[in-house]
Amino acid sequence: MENNWKGLASKTFFGRPTPDLARSLLGMVIAHDGPLGRCAGRVVEVEMYRGPDDRAAHSFGGKITPRTRVMYGPPGHAYVYFVYGMHYCLNVVTGPPGSPEAILIRALEPLQGIELMAQRRHLEITGSVSNLCQLTNGPAKLAQALGVAQQEYGLAFFNSRLQLYHDWDPLASEEIATGPRINVNYAGEAAQYPWRFWIKNHLCVSVKDRIQKTKT
DNA sequence: ATAATGATTGGC
DNA sequence: CCAATCATTATT
């Protein structure tokens with residue numbers, strides 16, 4: 001399989017604290033070698049979910065269930081879950097074993113396997129930037145585009161058909177925006193935590209930064 | 001065994 | 001705005 005990017009992330013890369021890792025993931029590339037070919041995209045938006053104390057996290061309260069089990073294992077593995085009866089979402093497990101934390105990948109910039117992604121998403125390619133972003137500008141959209149589902153549960157990003165690559169140098173903090181997580185309003189106080197991170201002004205972010213309207 | 005609910009999306 | 005659609009989870 002070809003490798004256009006700077007380097008595969010190492011197992012030890014995933015050992016850093018979750019807030020650091022969440023920011024580090026921005027600008028990196030996720031690739032998946034599925035039966036129909038290879039697809040890849042640049043990470044432009046993530047959210048972190050932090051173990052037993054985070055009301056918004058599936059691991060809140062320290063519950064270990066078949067679904068959340070992988071979050072209690074070592075970092076760098078894929079936590080894939082099914083929601084709303086029809087969608088899959090992809091997370092990177094973080095934190096040491098016993099610390100159930102994860103980072104939800106919320107948006108990618110499509111880079112490789114565009115035709116295959118469009119096929120899986122049932123979209124036409126028109127060539128416009130906004131059309132391209134529609135392939136992967138949402139957590140369930142990117143899972144569908146990459147061909148990631150329950151089969152990918154538990155795969156290691158450093159050692160499997162699902163991979164995370166370094167590409168850009170780490171982003172400067174001025175290039176990263178933060179804000180509250182999306183759709184966690186049931187989580188009380190935790191709903192306010194600024195645990196969503198995205199690349200400022202990037203067109204593929206799922207929920208746009210508020211642009212100040214200039215009056216004419 | 002049964003019921004509630006959701007880390008979403010797309011269509012009206 | 002709201003329906004689609006079902007695995008997971010908690011509860012009986």
Given C:dT9, C:dA10, B:dT9, identify the nucleotide with an atom nearest to the side chain of A:Ala140. B:dT9

Between A:Thr18 and A:Arg50, does any side-chain donor sit less than 3.5 Å from a side-chain acceptor? no

Nearest-nucleotide check on DNA chain C, A:His87 vs A:Gln150; residue mapping nearer the 5' end is A:His87

Nearest to the side chain of A:Asn183, heavy atoms from C-beta on, is which of B:dA7, B:dT8, C:dT9? B:dT8

Parallel, tilted or perpendicular: ring planes of A:Phe13 versus A:His166, cut at 30 and 60 degrees: perpendicular

Suppose we screen for salt bridge (charged side-chain N to carboxylate O under 4.0 Å, His left out). Which residues come up paired with A:Arg181, at least two apart in sequence or across chains? A:Asp54

Among B:dT8, B:dG10, C:dT9, the one nearest any side-chain atom of A:Lys141 is B:dG10

On DNA chain B, nearest-nucleotide positions of A:Gln144 versus A:Val184: which is more 5'? A:Val184

Quick test of your reading of the model: are A:Arg38 and A:Asp33 salt-bridged, counting only N-O distances below 4.0 Å? yes

Please state whether the base of C:dA4 and the side chain of A:Tyr84 form at least one donor-acceptor pair under 3.5 Å? no

Please report whether the ring centroid of A:Phe158 lies less than 6.0 Å from that of A:His77. yes

Heavy-atom side-chain proximity of A:Thr178 to A:Arg196 below 4.5 angstrom: no

Atom CD of A:Glu47 and atom P of B:dA7: how far apart are they, to the nearest Å? 11 Å

Choosing from C:dT5, B:dA7, C:dT9, which nucleotide comes nearest the side chain of A:Arg67? C:dT9

Counting side-chain heavy atoms from CB outward, which of C:dT9, B:dT9, B:dA7 is closest to A:Pro66? C:dT9

Side chains of A:Arg121 and A:Gln144, donor plus acceptor under 3.5 Å: yes

Please give the stem ranges for DNA chain C, sorted by first residue number, where a stem is three or more consecutive Watson-Crick or G-U pairs and both donor-acceptor distances are under 3.5 Å. B:1-6 with C:6-11, B:8-11 with C:1-4

Side chains of A:Gln163 and A:Tyr165 only: does a donor on one sit below 3.5 Å from an acceptor on the other? yes

Reckon A:Arg121 touches a base, only the sugar-phosphate, or nothing at all at heavy-atom distances under 4.0 Å? sugar-phosphate

Does A:Arg161 pair with A:Glu152 as a salt bridge, N-O distance under 4.0 Å? yes

Listed in order of residue number, which residues of residues 95-111 of chain A have a non-hydrogen atom at under 4.0 Å from DNA chain B? A:Leu104, A:Arg106

